[in-house]
Amino acid sequence: MIKSLNFLGKPSRDKLNLFISIGAFFFALGIVDLILNSFFEINITSILPRWLNYFTPLIFSFIGLHYIRIEFSGNRKLDSLNKNINSNWFNATLTMLIIFVLIQNVPPLLNWLFFDADFIGTSKEECSREGACWIFINVWLKRFVYGLYPNSEIWRINLSFLMLIALVIFGFFASIKIKKYIIIFLLFIFPFIAINLISGGNFGLLWVETAAWGGLSLTFIISIFALLFCFPVGMFLALGRRSSAPVIRYSSIGFIEFWRGVPLITVLFMASVMMPMFLPDGTYMDKLVRVIIAITLFEAAYMAEVIRGGLQALPKGQYDAGKSLGMGYWRMHLLVILPQALKLVIPGIANTFLALVKDTPLILVVGLLELVGMIDMAKTNPDWLGFATEGYVFAGVVFWFICFNMSRYSQRLERRYKTER
Amino acid sequence: MSDKIIEMIDVNKWFGDFQVLKDINLTVSSKQKIVVCGPSGSGKSTLIRCINRLEEHQKGKIVVDGIELSENTKNIEQIRAEVGMVFQQFNLFPHLSIVDNCTLAPIWVKKIPKKLAEESALKQLEKVQILDQARKFPGQLSGGQQQRAAIARALCMEPKIMLFDEPTSALDPEMIKEVLDAMVDLAKGGMTMIVVTHEMGFAKEVADEVIFMDEGLIVEKANTKEFFANPKSDRTKLFLSQIL
């Protein structure tokens, strides 16, 4: 086929403009053919047999790309285009396929998401059903964020998270000395103040049982606590697995391999159903606490292996140097080994954290409803049947937004702590 | 030169089935400078690593500054704080600046206030002539500068003994001199030193005694002039003829 295209001669820089015009014409023809075909149901090549007709956009643009594939054309833009997406017939075909898929799918998607969608209203009757019905999200938003938390008490959740944001922003701009105290406060004191505020029961605050907590705020609460706890636990496990004391080493290995081997969903189920049976009579542990413990231990096992990877990457000389300066085990690890090892595995730590956040919807199985759970509930409400797609798209966007920002932050940390070896 | 600061009695060590140290007997007096040489694999690095227990010996007795090395971790940490060590691969802490490398152990092990630790660190860095590099990170320094920083770091603990494990073997030829100069200065200051090295010029200049090791044994131990002028064993003669 390629040979028959050469009746004009091999594309060369001598007749650059001619070849570019011909190529652009064919390429445009292919695109126009596709657009007319898919959106206006006009077929400009209907005279051709059906089996060929189907491929005409591809063939046209293939010819087009063949004509503009001119080596060393002297035109820098054309050269870089050829080098990157049109270097040979295979790459040209891939390029075209991707362009075609985008043309065929992006406009309908945008239509559904925005142009045909309904945003304003209070009931599902106001939705035209041609595009997405964002009214569903709008109406249920409060539930999606706060779960079944009583409306009159929502200010407590808001206040907690506002305090968190304010502290983080303040810490961001504060001097290093104050920063240290803010970080300590944030890590060790604030979580417990916030949890007290949200659960209430003292200082004249109404007690709100954890079964009523839910939605996005519960996602955050579980994630934050699990993140806080799984990191140190994972660190100890990683050190334990490398310990020279057999008891510590084998119990760490046993712990890690046990938790890595079971699915999270069974762990949660056990935490919710089995654990109360093992607790002595009369003791009671809140279901949410049990769930947080379960997620923490589960993710800590992964965290341990990530951190162990970093520990193993350090040269033995670093240990020698630390020891030779008279440092004991803990000083050496805290001052010399861990700062370097953790820095090496920031991407892995971020990975585990992201996985943790995205695992939270699984608490559905024990009857706790965070964002996805609330959406599940809303979509089965008799008044709002049939909006699962909108709900899950919303959940996807929210989770993506959270995770993307965490990932961005981890990249920032990586850059900041980058040192030459 | 009478008080013994290091005493090794019948020290034996195995790596698996392989015996690296065989009945080592060695006494080092305070302020003595000893150079250990020998072919690679002869156990000389292991010998000095046993002195601050980076390696454990399995038989025999090692006494450093009146404290016997045993399983007791408190003793070990105490000895390590008094025995400085410089490594072939420098082993600076890459995540800390040079001055932080030097102050880390004094602050956290000897509990010296940060300000004092920093002052003495800068003094040590000045002695090894890299004061201008104090705020840089190890990765930004040349090999010779890194090794001098490592010497300064060890000195910041104010050790009684300094161990050098082939300090110039990983360096470019033109950087060897700057490190050796720093070591000569240190020797003239009266430090007790045990140096594993192939730099025979350095040995002739500063060493009181030279030890020649081969296959885990101390083959020859003599004062420096004697060692180079008329070595007794054939193995030593052969080694010297190859290296000089």
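Each chain gets a letter, A, B and so on, in the order its sequence line appears, and its residues count up from 1.
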inquiry  = Can you tell me which of B/Lys110, B/Arg153, B/Gln89 forms the most heavy-atom pairs within a distance under 4.5 Å of chain A?
reply    = B/Arg153
Toward chain A, the part of B/Val83 with a non-hydrogen atom under 4.5 Å = backbone
remark   = chain B shares the most heavy-atom pairs under 4.5 Å, among A/Pro339, A/Gly326, A/Gly328, with A/Gly326
remark   = Applying a strict 4.5 Å limit to non-hydrogen atoms, the region of B/Phe87 in contact with chain A is side chain
query = How about A/Phe192 and A/Phe188: are their ring centres within less than 6.0 Å of each other?
reply = no
query = Can A/Gln340 and A/Lys343 be counted as having a side-chain donor-acceptor contact under 3.5 angstrom?
reply = no
query = Of all of B/Asn91, B/Leu163, B/Thr73, which one pairs up most often with chain A through heavy atoms under 4.5 Å apart?
reply = B/Asn91
request  = Taking atom CZ of A/Phe185 as the centre, report whether more than 12 heavy atoms of other residues, nucleotides or ligands fall under 6.0 Å from it.
outcome  = yes
remark   = Most contact-rich option vs chain A, by heavy-atom pairs under 4.5 angstrom, among B/Arg49, B/Gln78, B/Met85, B/Met157, is B/Arg49
ask   = Can you say whether B/Glu77 sits under 4.5 Å from chain A via the side chain, the backbone, both, or neither, judging by heavy atoms?
value = both
inquiry  = Would you say B/Asn52 and A/Ser324 are linked by a side-chain donor-acceptor pair, where the criterion is simply a distance under 3.5 Å?
reply    = no
message = Less than 6.0 angstrom separating the ring centers of A/Phe255 and A/Trp259, yes or no?
response = yes
